[in-house]
S.K.: 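Mind having a look at this structure? Questions to follow.
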Amino acid sequence: MDAILGSLTEAELELVREADSERLADLDEDALIDLHTRVRRARNKQVKNYRRRAAARVEETGGRGKAYARNARRRAKAEVFEELLSTVSARLAAVAHESAEVLKAERLADAEVVRPVVTPPVQKLTPQLHDRRPDTPDRRKRHASTRAAGARRQARRDSR
């Protein structure tokens with residue numbers, strides 16, 4: 001990995017330095033989100049460059065297997081940023097989890113202070129009422145038509 005680090009640009013090296021575990025420990029959640037975004041973009045760029053170059057070299061070298069070996073440096077750079085992204089993602093997940101736990105504890109504490117626990121009154125269930133719509137000829141016809149359509153649909157299914 002040290003050989004690959006020597007071939008990175010200054011901006012890429014700075015990103016690698018920022019993702020060092022000691023420096024990650026000092027960052028808050030917002031700074032980690034920003035760093036995660038920048039590392040993900042750098043990783044995507046390296047992967048895109050690797051794939052494009054590999055695709056271009058297939059025709060040049062006569063096959064994917066031969067192009068694979070000639071594209072090792074770009075592949076290694078993509079792997080470096082993939083590892084960086086996993087490190088930053090893991091740290092961000094841990095910090096976000098801690099933050100969520102703190103917020104949850106605060107919400108629960110506020111809920112206990114603000115409103116006391118009151119049991120709701122028991123409600124009696126009323127029996128289901130009959131349909132109170134008027135019994136008109138056109139309503140009966142629509143109801144019969146709907147039931148007949150359902151019966152025809154079921155008959156078609158049953159005949160399969």
Side-chain angles (χ1 to χ4, degrees), residues 1-115 117 120 128 138-139 141-160:
M1 182 163 166
D2 292 334
I4 292 299
L5 293 178
S7 69
L8 296 178
T9 65
E10 190 56 41
E12 293 168 345
L13 271 175
E14 181 58 33
L15 200 55
V16 171
R17 287 185 200 113
E18 281 186 59
D20 183 37
S21 59
E22 293 173 2
R23 291 177 87 177
L24 284 179
D26 298 334
L27 297 178
D28 65 341
E29 189 174 4
D30 292 332
L32 279 170
I33 290 171
D34 179 53
L35 179 63
H36 185 268
T37 302
R38 289 187 291 131
V39 171
R40 186 171 18 91
R41 284 184 182 152
R43 187 267 327 249
N44 289 346
K45 175 186 173 184
Q46 295 302 327
V47 169
K48 180 175 63 174
N49 287 341
Y50 162 68
R51 287 182 176 163
R52 282 185 178 171
R53 188 63 176 171
R57 285 207 170 149
V58 167
E59 192 173 320
E60 183 182 303
T61 57
R64 286 188 339 198
K66 293 177 186 175
Y68 181 84
R70 296 188 65 196
N71 210 10
R73 181 173 164 270
R74 288 184 191 275
R75 185 175 52 257
K77 282 178 78 169
E79 288 175 6
V80 165
F81 283 100
E82 188 69 42
E83 289 177 22
L84 278 180
L85 184 62
S86 69
T87 303
V88 174
S89 294
R91 178 65 185 150
L92 177 59
V95 169
H97 183 71
E98 291 170 7
S99 175
E101 290 296 322
V102 168
L103 288 173
K104 180 180 176 183
E106 288 175 3
R107 277 196 319 272
L108 290 175
D110 289 345
E112 289 176 4
V113 170
V114 171
R115 55 186 172 124
V117 176
Q128 189 174 11
D138 108 311
R139 185 169 174 275
K141 180 181 178 187
R142 280 187 285 126
H143 182 69
S145 173
T146 302
R147 290 184 65 178
R152 285 192 301 270
R153 195 176 317 118
Q154 188 63 46
R156 275 195 304 270
R157 284 186 184 165
D158 291 345
S159 70
R160 293 182 193 167

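The residues of the chain are indexed from 1 along the displayed sequence. Since the structure is predicted, the reported quantities are computational estimates derived from the model, not experimental observations. Heavy atoms only: backbone and side chains are in, while hydrogens, waters and symmetry mates are out.
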S.K.: Would you say E59 has more than 12 foreign heavy atoms packed within less than 6.0 Å of its CD?
M.R.: no

S.K.: Can you tell me how far CZ of R73 sits from NZ of K77, rounded to the nearest 0.5 angstrom?
M.R.: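 These two atoms lie 4.5 Å from each other.
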
S.K.: Locate the shortest heavy-atom distance separating L92 from E29; write the atom from each residue and the value.
M.R.: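 Distance-wise, the nearest heavy atoms are CD1-O, 4.0 Å.
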
S.K.: Does any N or O in the side chain of S89 come within less than 3.5 Å of the main-chain N or O of L85, such that one atom is a donor and the other an acceptor?
M.R.: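 At least one qualifying donor-acceptor pair exists.
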
S.K.: List the atom of R91, the atom of A25, and the distance in Å for their closest heavy-atom pair.
M.R.: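 For R91 and A25, the tightest heavy-atom pair comes out as NH2-O, 3.6 Å.
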
S.K.: Over all heavy atoms of both residues, which pair between R17 and R23 is shortest? Give the atoms and the distance, please.
M.R.: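 Scanning both residues, the minimum pair turns out to be O-CD, 3.3 Å.
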
S.K.: Where do F81 and L8 come nearest, in terms of heavy atoms and distance?
M.R.: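 Heavy atoms of F81 and L8 come nearest at CE1-CD2, 4.1 Å.
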
S.K.: Counting only N and O atoms by type, is there a donor-acceptor contact under 3.5 Å from the side chain of N71 to the main-chain atoms of Y50?
M.R.: yes

S.K.: Ignoring hydrogens and geometry, is there a side-chain-to-backbone donor-acceptor pair from Q46 to R43 under 3.5 Å?
M.R.: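 Between the backbone of R43 and the side chain of Q46 there is no qualifying donor-acceptor contact (under 3.5 Å).
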
S.K.: Would you give the length of the straight line joining atom CD of E79 to atom CD of E83, rounded to the nearest 0.5 angstrom?
M.R.: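 E79 CD to E83 CD: 7.0 Å, rounded to 0.5 Å.
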
S.K.: Below 4.5 Å, heavy atoms only, C-beta onward: do L24 and L27 meet side chain to side chain?
M.R.: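 With C-beta onward as the side chain, the pair touches.
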
S.K.: Side chains of L32 and H36, heavy atoms from C-beta outward: is any pair under 4.5 Å?
M.R.: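 Of all side-chain heavy-atom pairs linking H36 with L32, none is under 4.5 Å.
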
S.K.: Heavy-atom count around R139 CZ within 6.0 Å, excluding the residue itself: above 12?
M.R.: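 Atom CZ in R139 is crowded, with more than 12 foreign heavy atoms closer than 6.0 Å.
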
S.K.: Nearest heavy-atom pair of A19 and L35: which atoms, and what distance?
M.R.: CA-CD2, 4.3 Å

S.K.: Are E106 and V102 packed together at the side-chain level, in the sense that at least one heavy-atom pair is separated by less than 4.5 angstrom?
M.R.: yes

S.K.: What distance do D20 atom CG and L15 atom CG have between them, rounded to the nearest 0.5 Å?
M.R.: 12.0 Å

S.K.: Using a 3.5 Å distance criterion without hydrogens, assess whether the side chain of T37 forms a donor-acceptor pair with backbone atoms of I33.
M.R.: yes

